[in-house]
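The structure displayed is predicted, hence computed values, not measured ones. Side-chain atoms are counted along with the backbone in the values below, which use heavy atoms only and exclude waters and symmetry mates.
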Amino acid sequence: MADLSKLKELVFASDNRACFIERDEILGRLETEMAEYDKPDKFAVIFSKLLSEISVPIHEHDYFAGRVVEALPYEGLKTANPLLNSVGHFSPDYQKVLRCGLKGIVSEIGEIAKKKGDAESKSFADNAVIVAEAVRDYCARYAKAAEDAGRDEMAKALRTVPYEPAYDFYSALQGIWILHMILSCYIGARDYAFGNFDQYMLAFYEKALADGKTEEELTELLAGFMIKANEIGGRTAHNYNVKPIMCPSSKQYLNIGGETPNKFSTVCLKAAELSNLSQPEIVVRLKPDADTAFTEQVFRSLAVLTDKMNVYNYDLIVQSLLDRGVRADIAKDFTYSACCTFDLHYHNPRGEYYVPTVRIFLDILHGKEYTSVEDVLKDYTAALSEDMKNRHWIRSVENMRQTALLDSLLLTDTAMECKYAYDNDRAYCLNNYFLSGVATIGDSLMVLDKLVFKEKRYSYAEFRKILSENYENHEELRSEIQGYTRFGNDTENDRYTVMAGNAMVDAVDRLPRRENEYNIPGFYSLERENRWRDETGATPDGRKDGEPYSENQSPTYGADKSGITALLKSVAKLPFARTAGGGLNLTFSQKVSPAILKALTRAYFSMGGLHVGISVIDRKTLEDAMVNPDKYKSLTVRLYGFSEYFVSLPPWQQLAILNRTEYSV
C-alpha cells in the first residue's frame, strides 16, 4: 500500500552518486547503432526505442507510476548521455494534455501540417506521431506492471493517460507525472514546471468531490504526487557534487493563485505542508483581495513551509507585462518555472542571461574620469546594453529541434504552427536578463558622490588608484566607508541604489527586439555574487577584490541595520514595476506567525515590492550541520529562489547563508 512516510524515506535512501543507468546504457548503444541513420525521424526513433526498452518499476509505496532505475556508473559508461537532450526551462501545456491527450494534440498537428503542405511541417507531424505513440506504448507496459502488482487504479489510468484525455483526479495526476518524468529524466533537462496547477486541475478536483472523495483523501493523494517530484534531480546542489544525470538539481515549480484562486488552490497548500520536502517549490501569485480565505491560508502555509514557498505580487507583474505590450490574457497567465525565473506559462521556453553587472561597472569606472554620478550611469547603461546585445540568448534550431521533440508537442502556440520548441520564430520569444549586485553598485555610487564628486576629498584619479590597489594602506578610509549608512535602512542614500536599478533596467529596455520578443529584467544573482567575486575587483563601497557582493534584491551582507520594516521600505523603492523576475530573501532567527508574515508581505506589496521568500535559520543548528552533516540530511534552507538541502551545499555557500542578516519580530 502507498504510504507517504515511506515514500519520503525513499527520497533520502537514494544515492546521489548514481546515474540513470538504463537510460545511459541504452542511449550509448543506440548512439553507435544509429550513427549512420540520417532520416528526419532519427531522434524520434531513438526516443521510441529508449522508451520501448526502459524498465517500468513500481514501488509498493508509490502513489503514482513512474520511477527511474538508478545505479552507480562504471568505467566506460557515458553518463548523462546527451544523445537525447533538451534545454527544458518551461511550463508544458498540461491543461491541453489533460483535455485532449497526446493523441488529440498530434491529430491537430497533422491537420495543420496538411493545410500548410510543406515538407518541414509534414516531417514535424510525422515525428509527433512517433513520439506520442512511444509514450502510449511505454504507459501500456507500465499498466501491465501495475496490474501485475495489484494496483488496479494505477493500471486503469496508464491505459489511458497521457495519450488519451484524463477522466478523473487520479488519472490527471498520473498523466502529468509520467510526462514530467519522461521530459526531465529520459529526454533529460532541468526545470520543467507544473504551470498554473490549481487552475487546470480544479475541474478534476470538483468532479472527485462530487464522486464522493473527501478533501482529506485528495490532499493526501496530491501530497504523494508532490513527493515524487523529489525523485527527479536527486538531493545534490547544482554546483557541488553534481549527480551524473541530465537534470541535476532540477527545480520543480508549482504555481497557484492569481486573479481567481479557488478551493483547490488551498488544497495545494495543505498538500505541500503534508509533503514538506524541497520539491516542488510552491509559487503563490498573490492578489491579496482576490480571495480572503486563500490569502489567510497562504501565510499559514508560509509559516510552516518557509524556504519552500515563493510569494509574488500578482497585480504589479501583470501591469508590468501589459506595459511591455503583452496581451492581457497571456499576461494574467504568467508563471515561474524555477529560480525566480519568469515565463508566459506554456507559451515559451525561457531564455536567460546572467549579466556581469558589477564587472561592467568597474570597467566603466576604470575606463575614464567622471565628474558626476549621472555621467557614470549614462555610460554604464550603454555598456550593459552592449554586453547583453552581444550575448543575446539564441538557441540554434539545428542543435535543439531534433532532440527536444516531446517538448515541442507541449508548447502549444509553437506546436500549432508545426514548429519546434526552440525555433527562433516561435510565437513568444522571452529572454530573462538577471541583474545582480544592485546594492553594491548603488552604495558605490553613494561613496563616489560623497568623497569624490561633492566633498572632493579625493580626485577621481586618486580614488580609482585606491581601488586598483585594493585599499592597501587605506584601511582607515575603508573602515569609514563601511560605516556609512548604506542601502537597506530606508534613508536618503537609498536613492543611489534606485538610480543603479533604473540604469540596469534601462539597458534591457534599449535592446533591439523582434515583434514576438520580450526582454524581462530582474534583480537576481543565483550565487554569481559569490562565484564571480574572485574576478571582480574592489568596489567603491569598501568591498575588497575577492569578496562577495550583494545578492538578488538584498542589501550588501550586514548593511541593513535598522530592522525589517526599514529593509522592506528600502527594497520597495527599486523599479519593480518595470521588472518581473528576481527575488528577495528574508531571514528570520525564529519562527514567525502567519499574522506577522501577512502584515509584512501585504505592506511590502502595497509599496511596490515584487517578491518574498523566507528562511528561518537557527544558526547553531546550521553550524552543527556543517560539522555533522549525517545528522541533518533533511534540513533545507532557502537559497536564491528555491529550497536546497543545507548539507548538499558547498562550504562557501553554507557560509554565505550564515552571513545573511537575521531578523527577529
Side-chain angles (χ1 to χ4, degrees), residues 1-3 6-7 10 20-23 26 44-70 84 92 94-107 128-187 192 194 201 204 207-208 211 213 217-218 220-229 231-232 405-406 409-410:
M1 289 293 293
D3 183 316
K6 296 295 185 182
L7 193 57
L10 292 176
F20 296 155
I21 188 80
E22 291 184 330
R23 174 195 186 274
I26 294 168
V45 171
I46 289 172
F47 175 78
S48 180
K49 287 179 177 290
L50 173 67
L51 288 193
S52 72
E53 297 183 35
I54 213 82
S55 293
V56 287
I58 297 171
H59 195 280
E60 62 177 317
H61 299 304
D62 278 334
Y63 282 59
F64 299 94
R67 181 174 287 277
V68 183
V69 174
E70 295 188 338
L84 284 182
Y94 285 132
Q95 179 171 352
K96 186 161 188 176
V97 171
L98 297 180
R99 187 179 69 248
C100 304
L102 293 178
K103 179 181 178 181
I105 293 172
V106 167
S107 176
V129 170
I130 295 171
V131 167
E133 291 182 351
V135 173
R136 177 198 64 191
D137 295 346
Y138 170 68
C139 290
R141 290 198 298 118
Y142 239 129
K144 178 64 167 60
E147 186 176 45
D148 291 345
R151 307 294 294 276
D152 293 340
E153 184 177 30
M154 185 185 287
K156 179 184 176 184
L158 288 164
R159 290 191 189 97
T160 304
V161 295
Y163 190 70
E164 302 278 358
Y167 53 82
D168 67 1
F169 186 77
Y170 180 88
S171 67
L173 292 178
Q174 177 64 80
I176 294 168
W177 171 248
I178 203 82
L179 269 182
H180 206 79
M181 186 202 69
I182 292 169
L183 287 165
S184 302
C185 302
Y186 289 146
I187 294 176
Y192 295 99
F194 293 113
M201 282 295 298
F204 295 101
K207 180 180 185 300
D211 289 343
K213 297 289 186 182
E217 289 174 312
L218 299 175
E220 180 184 339
L221 197 60
L222 180 55
F225 171 87
M226 290 180 174
I227 292 171
K228 292 289 284 183
E231 298 172 6
I232 288 173
L405 291 167
L406 184 56
L409 301 189
L410 303 177

(message) Could you check whether any side-chain heavy atom of L183 comes within less than 4.5 Å of a side-chain heavy atom of L410, counting everything from C-beta outward?
(response) yes

(message) How close do E147 and A155 get, counting heavy atoms only, and between which atoms?
(response) N-CB, 3.8 Å

(request) Kindly indicate whether the side chain of Y63, heavy atoms from C-beta on, has any atom under 4.5 Å from the side chain of E153. (result) no

(message) Is it the case that the side chain of E22 and the backbone of S55 share a donor-acceptor pair, with hydrogens and angles ignored and the cut-off at 3.5 Å?
(response) yes

(message) Nearest 0.5 angstrom please: F225 CZ to L7 CG, how far?
(response) 12.5 Å

(message) Testing the basics here: between V56 and A145, what is the closest heavy-atom pair and its distance to 0.1 Å?
(response) O-CB, 3.7 Å

(request) Quick one: closest heavy-atom pair of I178 and A65, and the distance? (result) CD1-O, 3.6 Å

(message) Donor-acceptor check, side chain of S52 to backbone of K49, threshold 3.5 angstrom: yes or no?
(response) yes

(message) Testing the basics here: between G175 and P162, what is the closest heavy-atom pair and its distance to 0.1 Å?
(response) O-CB, 4.0 Å

(message) I want to check something: taking the side chain as every heavy atom from C-beta on, are R136 and L102 in contact at a cut-off of under 4.5 Å?
(response) no

(message) If I take atom OH from residue Y192 and atom CG from residue L406, how far apart are they, to the nearest 0.5 angstrom?
(response) 7.5 Å

(message) Test your reading of the model: is there a side-chain donor-acceptor pair from R141 to the backbone of L51, 3.5 Å cut-off?
(response) yes

(request) May I ask you to test the L84-R23 pair for a side-chain heavy-atom distance under 4.5 Å? (result) yes

(request) Identify the heavy atoms of E231 and G66 that sit nearest to each other, and give their distance. (result) OE1-O, 3.9 Å

(request) In plain terms, say whether D152 and K156 are close enough for a salt bridge, that is, a side-chain N and a carboxylate O under 4.0 Å apart. (result) no

(request) Could you note down all residue pairs passing side-chain hydrogen bond (donor to acceptor under 3.5 Å, both in side chains) where residues 167-180 supplies at least one of them, sequence neighbours left out? (result) Y94-H180, D168-S171, H180-Q252

(message) Would you say that P92 contacts L179 through its side chain, given a criterion of any heavy-atom pair below 4.5 Å between the two side chains?
(response) no

(message) Contact between K144 and D148 at the side-chain level, heavy atoms closer than 4.5 Å - yes or no?
(response) yes

(request) May I have the step-by-step check of side chain to side chain contact (heavy atoms under 4.5 Å, CB included) for I26 and Y186, ending in yes or no? (result) CA-CA 11 Å; I26 294 168; Y186 289 146; over 6 Å; no

(request) Identify, with sequence neighbours excluded, every residue that meets side chain to side chain contact (heavy atoms under 4.5 Å, CB included) alongside A172. (result) L98, A166, M201, F204

(request) Without swapping roles, check the side chain of R151 against the backbone of D62 for a donor-acceptor pair under 3.5 Å. (result) yes

(message) Is there a side-chain contact between V68 and M181 in this structure, where contact means two heavy atoms from C-beta onward sitting under 4.5 Å apart?
(response) yes

(request) Please test L173 against F64 for side chain to side chain contact (heavy atoms under 4.5 Å, CB included), starting from the C-alpha separation and ending with a verdict. (result) CA-CA 8 Å; L173 292 178; F64 299 94; 3.6 Å; yes

(request) Determine yes or no for a side-chain-to-main-chain donor-acceptor pair under 3.5 angstrom, with Y142 supplying the side chain and P57 the backbone. (result) yes

(message) Could you tell me if the side chain of Y163 sits less than 4.5 Å from the side chain of D137, heavy atoms only?
(response) no

(request) Might you point out which heavy atoms bring S48 and I130 nearest each other, and give the distance in Å? (result) CB-CG2, 4.1 Å

